[in-house]
Asker: 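My questions will all concern the structure given below.
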Amino acid sequence: MDTEQIRRRRQEVVERFGPWTAHNIHLRDDLYTIGPSIVGDEVKLRRITQVVSDIAGRPLADLRVLDLGSLEGLYAVELARHGASVMAVEIREANIEKMRFAKEALALDNFEIVSDDVRNLNAEKYGHFDIVLCLGLLYHLDAPDVFDFTKRVAEVCRHAAIFDTHVSLADEISQAYDGEEYRGTNFLEHRDDETEEERKQKLWASAGNPKSFWLTKPSLNNLLSRVGFTSVYECHNPSEINKPADRVTLVALKGERAELLSAPLMSGRVEERWPEKPRVESSTLKRLGRRVMNKLLK
């Protein structure tokens with residue numbers, strides 16, 4: 001499509017499905033899905049693209065990438081434009097049509113769009129991927145789906161999964177999964193008096209479940225370890241200065257457990273679970289006590 005065809009097609013999509021809500025994709029010349037300005041998600045796009053590039057260990061064009069709950073497709077489109085083979089799984093029709101438009105406008109034959117509920121994810125249906133993106137999705141799932149889904153992400157992931165998610169800052173309730181306890185809090189996604197149509201129109205809310213379960217960061221780390229990720233890292237740079245305190249970007253790697261030749265006694269030791277409250281060493285308490293006493297004596 002030429003510039004004018006893209007412009008007309010974009011307007012048709014807006015008239016039928018509403019304007020783009022977050023993903024401002026550059027299409028051609030001065031034409032964007034939203035407009036020629038930075039609207040917000042570009043900051044996270046820089047972070048995610050850099051992380052994928054750093055951890056891939058090979059050119060982006062050699063990767064098979066899965067983008068789960070992809071919204072309007074900014075991250076999927078970006079990696080497809082770098083040559084990666086990308087599959088986006090999204091359930092809302094409006095988001096799917098916006099992604100299809102971007103795919104056609106940019107002639108991305110290596111970009112596959114699938115209409116499905118991410119809770120149906122499994123290796124038999126979708127295969128395996130080098131990189132799995134789970135961005136702004138995990139905190140929209142309720143228990144037990146949040147646990148089953150995370151386990152399935154690990155099953156289809158060959159190398160790394162990136163989770164950008166809200167975490168609970170309070171461990172108000174517990175949920176049991178596979179013999180382990182996980183802490184967090186419930187979050188209201190939809191009111192009881194909302195109609196099904198009203199719920200469908202909430203493009204940034206859950207699909208189906210009226211509430212979601214937000215894991216605490218320690219519980220999320222424990223879950224990622226339990227489902228098979230061998231190491232997990234929190235990303236701080238590239239920076240997201242305005243990122244709220246209850247949101248994190250975690251990079252979970254799927255590798256082989258390293259054998260310890262110099263510490264064989266550790267080989268049979270079960271990995272410790274992260275505690276919900278950090279342990280305070282006695283030496284730290286002594287230092288704090290001395291500081292308090294010094295202030296009182298002044």
Asker: What pairs of residues pass the salt bridge (Lys or Arg N to Asp or Glu O under 4.0 Å) test when at least one of them lies in residues 216-226, not counting sequence neighbours?
Answerer: Asp178-Arg226, Glu180-Arg226, Lys217-Glu234
Asker: Please confirm whether the backbone N or O of Pro210 pairs with a side-chain atom of Asp142, one donor and one acceptor, at under 3.5 Å?
Answerer: no
Asker: Once salt bridge (charged side-chain N to carboxylate O under 4.0 Å, His left out) is applied, do any residues pair with Asp62, and if so which ones, sequence neighbours excluded?
Answerer: none
Asker: Tell me, which pairs form a side chain to side chain donor-acceptor pair (under 3.5 Å) where one or both residues lie in residues 152-170, sequence neighbours left out?
Answerer: Lys44-Asp164, Asp130-Arg158, Asp164-Lys243, Asp164-Arg247, Asp164-Thr249, His166-Asp246
Asker: If you group Ile, Leu, Val, Met, Phe, Trp and Tyr whenever their side-chain heavy atoms sit less than 4.5 Å apart, what else falls in with Leu169?
Answerer: none
Asker: Does a side-chain heavy-atom distance below 4.5 Å link Leu121 with Leu66?
Answerer: yes
Asker: Any heavy-atom pair between the side chains of Leu220 and Phe163 that's under 4.5 Å?
Answerer: no
Asker: Using 0.5 Å steps for rounding, measure from the CZ atom of Arg81 to the CG atom of Asn110.
Answerer: 11.0 Å
Asker: Would you list the pairs meeting salt bridge (Lys or Arg N to Asp or Glu O under 4.0 Å) in which at least one residue belongs to residues 252-262, sequence neighbours left out?
Answerer: Arg257-Glu271
Asker: Roughly how far, to the nearest 0.5 Å, is CD of Glu42 from OG1 of Thr49?
Answerer: 11.5 Å
Asker: Can you list the residues that meet the ring pair (Phe, Tyr, Trp, His ring centres under 6.0 Å) rule with His140, with sequence neighbours excluded?
Answerer: none
Asker: Would you say the side-chain atoms of Tyr126 and Asn120 include a donor-acceptor pair closer than 3.5 Å?
Answerer: no
Asker: Is the Phe147-Tyr182 ring centre distance short of 6.0 angstrom?
Answerer: yes
Asker: Could you tell me whether the side chains of Thr216 and Glu276 share a donor-acceptor contact shorter than 3.5 Å?
Answerer: yes
Asker: What residue among Arg100, His23, Glu90 forms side chain to side chain donor-acceptor pair (under 3.5 Å) with Asn95?
Answerer: Glu90
